[in-house]
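Here is the structure we will look at, set down as structure tokens.
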Amino acid sequence: MSVEVERKFLCNADILKTLEETEVTCVGQHQFKDQYFDSPNFDLTLKDMWLRKRKECWELKSPTAEETSGEQSKSAALCTRYKEITNLPEIQLRVKEVLKDVCEDTEKSSSMENESWHSKMNLACFAEFTTVRRSFILEDGVRIDLDQADFGYHVGEIEVLVPEEGDVQSALEKIERTARKLGLAGDQRVEGKMSVYLKRNNPEHYAKLLRAHVL
Ligand code: V4E
């Protein structure tokens with residue numbers, strides 16, 4: 001398990017120019033389709049847990065304790081921190097823990113090894129979109145992704161992956177330095193792809209997440 005520390009930004013021509021002039025390595029462009037899953041009552045996303053399938057691989061993002069502590073600097077407040085789990089049995093265990101209160105059947109589910117494990121847990125896809133991503137690697141483990149989603153939203157992210165129990169503070173500082181290098185302005189958190197997607201495609205789900213202070 002690792003922790004993804006990330007700051008999103010709205011990408012404009014000036015930022016692109018700075019990026020081209022900065023010492024970064026472009027590691028190319030690729031395209032992927034994401035599918036996000038939840039129960040009919042949104043038990044996962046209402047807990048800020050995001051179950052995703054991308055290129056046949058599963059991932060679960062869930063909040064870290066620090067995210068909710070409320071004691072952070074202005075620039076740290078612009079960043080999100082999520083634990084990322086990619087090991088399928090561990091994902092299934094975490095999801096079961098959340099759903100066990102609402103769905104007793106998950107206890108009875110037999111084989112969790114085949115592709116339909118999510119249907120057995122009554123999890124259905126609530127969001128599906130394709131992203132074209134251009135990625136850049138900076139020194140010191142900082143990565144910049146420029147995403148163009150197929151529903152017409154363009155967003156950038158500065159990202160540092162921290163191992164479990166790793167130095168989140170240092171990751172926040174690296175992100176802050178990179179943001180300054182790129183000349184990022186503004187002190188508002190920038191919306192992620194999911195927020196924009198749900199607002200447009202599932203306003204009811206979006207409103208529930210807003211009320212729960214998840215988005
Ligand atoms: C964590 C989260 C979601 C899951 C998708 O996360 P995100 O990093 O936005 O997507 P992506 O495609 O860049 O994933 P990667 O390739 O880095 O693994 S959907 C909503 N959230 C919560 C969330 C939030 N509350 N605020 C912001 C600014 N972003 C995400």
Side-chain angles (χ1 to χ4, degrees), residues 1-11 27-38 42-68 70 72 74-87 91 94-95 98 123 125-137 141-162 171-172 175 178-179 184 186-202 205-215:
M1 184 172 69
S2 50
V3 173
E4 177 197 61
V5 187
E6 186 178 279
R7 173 169 166 177
K8 293 190 167 74
F9 60 93
L10 293 174
C11 196
V27 289
Q29 177 169 306
H30 69 297
Q31 180 172 318
F32 48 84
K33 182 174 89 172
D34 287 334
Q35 291 175 296
Y36 285 88
F37 292 79
D38 204 345
F42 309 125
D43 296 290
L44 293 177
T45 52
L46 283 170
K47 289 194 162 59
D48 203 9
M49 294 172 77
W50 304 90
L51 175 65
R52 175 177 82 197
K53 191 178 174 193
R54 175 185 292 174
K55 291 186 171 169
E56 300 310 314
C57 295
W58 290 91
E59 184 180 275
L60 181 68
K61 290 194 205 238
S62 50
T64 60
E66 291 91 337
E67 186 81 56
T68 50
Q72 49 185 352
K74 253 187 184 177
S75 69
L78 298 175
C79 295
T80 53
R81 276 161 268 182
Y82 283 89
K83 283 184 273 182
E84 292 185 336
I85 304 172
T86 50
N87 174 280
I91 290 175
R94 299 286 171 111
V95 171
V98 174
L123 297 167
C125 176
F126 67 89
E128 179 171 333
F129 49 83
T130 296
T131 300
V132 175
R133 170 171 287 178
R134 251 191 309 159
S135 299
F136 303 82
I137 303 285
V142 179
R143 180 190 176 97
I144 297 178
D145 289 330
L146 303 181
D147 285 357
Q148 177 73 63
D150 63 357
F151 53 90
Y153 186 55
H154 198 180
V155 68
E157 335 179 306
I158 307 170
E159 178 183 308
V160 177
L161 272 187
V162 180
L172 289 168
I175 290 174
T178 307
L184 294 190
D187 54 5
Q188 297 286 311
R189 266 200 196 187
V190 166
E191 285 183 297
K193 298 188 290 284
M194 180 61 75
S195 183
V196 176
Y197 178 92
L198 286 180
K199 209 187 295 181
R200 293 181 191 173
N201 296 289
N202 195 337
H205 188 178
Y206 177 74
K208 280 188 178 167
L209 296 176
L210 274 191
R211 277 199 296 275
H213 305 287
V214 168
L215 290 180

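In each ligand, atom 1 is the first atom listed, and ligand 1 is the first ligand listed.
- Ranked by closest heavy atom to atom 21 (N) of ligand 1, the top entry among F129, Y197, W50 is W50.
- Given atom 15 (P) of ligand 1, the protein heavy atom at minimum distance is K61 NZ, 3.5 Å.
- Counting heavy atoms from C-beta on, the side chains of V214 and T45 never come closer than 4.5 Å.
- Ring-plane geometry between H30 and F32 is classed as tilted, the angle between the planes lying from 30 to 60 degrees on a 0 to 90 degree scale.
- Residues F9 and L78 are not in side-chain contact: their nearest non-hydrogen atoms beyond the backbone lie 4.5 Å or more apart.
- Of all atoms in ligand 1, listed by their number and element, those nearer than 4.0 Å to a heavy atom of T80 are 26 (N), 27 (C), 28 (C).
- Of all the heavy atoms of M49, none lies under 4.0 Å from any atom of ligand 1, so neither backbone nor side chain is involved.
- Heavy-atom separations between E159 and ligand 1 include at least one value shorter than 4.0 Å.
- For atom 23 (C) of ligand 1, the closest heavy atom belonging to the protein is Y82 OH, 3.7 Å.
- The atoms of ligand 1 that sit less than 4.0 Å from any heavy atom of V214 are 25 (N).
- Under the 4.0 Å criterion applied to side-chain N and carboxylate O atoms, E128 and K33 are assigned as salt-bridge partners.
- Nearest non-hydrogen protein atom to atom 30 (C) of ligand 1 is K8 NZ, 3.6 Å.
- With ligand atoms numbered from 1 in the order given, ligand 1 contributes 8 (O), 15 (P), 17 (O), 18 (O) to contacts under 4.0 Å with heavy atoms of E4.
- Taking the six-membered ring where the residue is Trp, F42 and H205 present parallel rings, their angle staying beneath 30° rather than reaching 60°.
- The contact set between ligand 1 and V190, taken as ligand atoms under 4.0 Å from a residue heavy atom, comprises 28 (C).
- Considering both main-chain and side-chain atoms, G192 never comes within under 3.5 Å of ligand 1 through any nitrogen or oxygen pair.
- Using a 4.0 Å cutoff on heavy atoms, D145 does not count as a contact of ligand 1.
- Between E157 and ligand 1, at least one pair of N/O atoms sits closer than 3.5 Å.
- At a threshold of 4.0 Å, the pair R52-E84 does not count as salt-bridged, since none of the basic side-chain nitrogens sits closer than that to a carboxylate oxygen.
- Proximity to E6 (heavy-atom distance under 4.0 Å) selects the following atoms of ligand 1: 8 (O), 17 (O).
- Residue-to-ligand polar distances place R52 within reach of ligand 1: an N/O pair is separated by less than 3.5 Å.
- Contact annotation: T45 has no heavy atom less than 4.0 Å from any atom of ligand 1.
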